[in-house]
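Only one structure is covered here, and it is reproduced in the block below.
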Number of protein chains: 2
Amino acid sequence: MDPQQQFLKKSEEAKDLFIPHLSTDPVVFGFDQSELKVLLLQMTYRKQWLLPGGYVKKDEDLDAAAERVLRERAGISDVYLEEFAVFGKKNRSEFYFEDFDESLWHKQRFISIGYYALYNPDNANLIIDEFSEKCEWIYLSQLSEIELAMDHREIIEKALLTLRERISYKPIGYNLLPEKFTLSELQKLYETILGKELNRGNFYRKIKNLGILRKLDEQRRGGAHKSPDLYSFDEENYKKALENGLNNW
Amino acid sequence: MDPQQQFLKKSEEAKDLFIPHLSTDPVVFGFDQSELKVLLLQMTYRKQWLLPGGYVKKDEDLDAAAERVLRERAGISDVYLEEFAVFGKKNRSEFYFEDFDESLWHKQRFISIGYYALYNPDNANLIIDEFSEKCEWIYLSQLSEIELAMDHREIIEKALLTLRERISYKPIGYNLLPEKFTLSELQKLYETILGKELNRGNFYRKIKNLGILRKLDEQRRGGAHKSPDLYSFDEENYKKALENGLNNW
DNA sequence: TCAAAAGTGTTCACTTTACACCCATGT
DNA sequence: ACATGGGTGTAAAGTGAACACTTTTGA
């Protein structure tokens, strides 16, 4: 059975299970090599890249749907997920399934709930689902070079802007960094999300004064220079600090 | 025909026109007598109050749906509307139509897109639609005394929090106040949204320095005291100032 | 020995906060 | 007379940005 036929068969089965006209599109961010990247899929019959989105079951919390979709389509679980915007223009998806017959229910107009997810890519054991050919992390800096389906580029950009707005109020660092990290990794993360450079000395003092870090008795080995100290978050203080906002970055 | 039967008839007609499982719930804020109020409806067969929500047509932008619903259900148009959150718990509406037969499509599970709207109540010529008995402004301070349907209390609270977050970046004052207003009315509005008192002198200077106000040659008459000066917004400067954020209130 | 990392000090400019005091004016 | 509004002064405290210097240490 060729991919397109297989897709059609699956499509029929799904029709009654899901809420029509509604999907959820999670933008999964990962931080790595001091750069942000996003998880994207490529379908078997199309060269455009897609967010790992999916439909919501008729009897399923919306948040649960976003979680499930990520698990099924990318093999990712235990992820920090938050809704950030709705994409509801009536013609937003009309060209994506243009090769198919009008009767295909996917051709219906869809409203999409945008979620952003924060994930430490070290933990990822990516899978490729039955509709996809690839499931890969794409660096933000490379996004301009690839083709994205529908309004998915807009969704990613809006997710990034939301991240920037919420950096002082949501556990963004906590969810993107590994358990143990160095101060310059943390600083780099802030710099990427905010899109500007920060002064090292001032950053050091600010973070220190917030009291949200615990310095560990270990160093990261490897470079031709002094081994940087490793830190982890002090979860309790971190949560408390977030309530009032970490800072005015 | 009794109200309930009438409702059922309308319901049947609507079934094919709208996207199932999806609704939009606008929280319309008005400012008046130095207090915030919210527009609510009461249905004919229920004592609980409701947001003036409605369904989205199959071929209609989401934003347009919110606008239309407000027009149809409350007679309000030309309103500043913005999406702020999604309410998607699977059981959020399950008790509202409990008196009806299982076959009623409204009993289906609904996901609701929350919009907030800002409106100067002076302009309002409220109407009452065919499903409602009342359409009224309710002061926030009185909300605790009335019964609200489903999760609509939660939606209102979340809308208010969003307003607070966005007060420096969105034209909130502009849309809530009448054309001409006094400085203390403006200050009172800020105080209500922020939920805290502000120092008059400092407020005066801050607002003045932003250059977003135009002082008019008129005063508001009436009190047993000096007549306060009237102001209006300088639209151009206001917009410019919003881009960088008005302030850190 | 060199490069990156850790840690600290200091200065300047600016903002925020809190309070206080003045005068104006409509009823 | 008096309550409210308009307008300004000011001192204390805090914040942010910039920069520079020191010490540490792994390869």
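Letters go in sequence order (proteins before strands), and every chain restarts at 1. Note that this is a predicted model, so its numbers are computed, not measured.
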Go through the side-chain N and O atoms of Glu83(B) and Tyr116(B) and say whether any donor and acceptor fall under 3.5 Å apart.
-> no
Given dG7(D), is OP1 or OP2 found less than 4.0 Å from the side-chain N or O atoms of Lys208(B)?
-> yes
In whole angstroms, how far is the C1' atom of dG26(D) from the CD atom of Gln219(A)?
-> 11 Å
Spacing between Leu183(B) atom CG and dT4(D) atom C1', to the nearest angstrom = 13 Å
Closest to the side chain of Lys215(A), out of dA3(D), dG6(D), dG7(C), is dG7(C)
For Ser184(B), answer base if it contacts any base atom (sugar-phosphate contacts may also be present), sugar-phosphate if it contacts only those atoms, and nothing otherwise; contact means non-hydrogen atoms under 4.0 Å.
-> sugar-phosphate
Nucleotide dA5(C), atom P - distance to OH of Tyr231(A) in whole Å = 13 Å
d(CD, Glu197(B); P, dT17(C)) in whole Å | 14 Å
Can you check whether any acceptor in the base of dA6(C) is under 3.5 Å from a donor in the side chain of Arg200(A), or vice versa?
-> yes
Taking atom types as modelled, find out whether Glu236(B) and Tyr238(B) have a side-chain donor-acceptor pair closer than 3.5 angstrom.
-> no
Mapping Leu230(B) and His225(B) to their closest nucleotides on DNA chain D, which lands nearer the 5' end?
-> His225(B)
Please state how far atom NZ in Lys206(B) lies from atom P in dG7(D), giving the value in whole angstrom units.
-> 19 Å
Between Tyr174(A) and Glu235(A): side-chain donor-acceptor atoms closer than 3.5 Å = yes
May I have the distance from Asn209(A) (atom CG) to dG9(C) (atom P), rounded to whole angstrom?
-> 12 Å
Check ion pair Arg68(B)-Glu72(B) (N to O, under 4.0 angstrom) | yes
From the list dT17(C), dA18(D), dG7(C), which nucleotide is the closest neighbour of the side chain of Asn199(A)?
-> dA18(D)
When rounded to the nearest 0.5 angstrom, what is the spacing between OG in Ser77(A) and CD in Glu67(A)?
-> 8.5 Å
Euclidean distance, atom CD of residue Glu191(A) to atom P of dA17(D) [Å, nearest integer] = 13 Å
Going by modelled atom types, is there a donor-acceptor pair between the base of dG6(D) and the side chain of Arg205(B) at under 3.5 Å?
-> no
Side-chain donor/acceptor of Asn202(A) to base of dA18(D), under 3.5 Å | yes
Whole-Å distance separating the CG atom of Asp229(A) from the P atom of dT25(D) | 9 Å
OP1, OP2 of dG7(D) versus side-chain N and O of Tyr204(B): anything below 4.0 Å?
-> yes
Counting side-chain heavy atoms from CB outward, which of dA18(C), dG7(C), dG5(D) is closest to Pro228(B)?
-> dG5(D)
Counting any heavy atom closer than 4.0 Å, what does Phe203(B) reach on the DNA or RNA strands: base, sugar-phosphate only, or nothing?
-> nothing
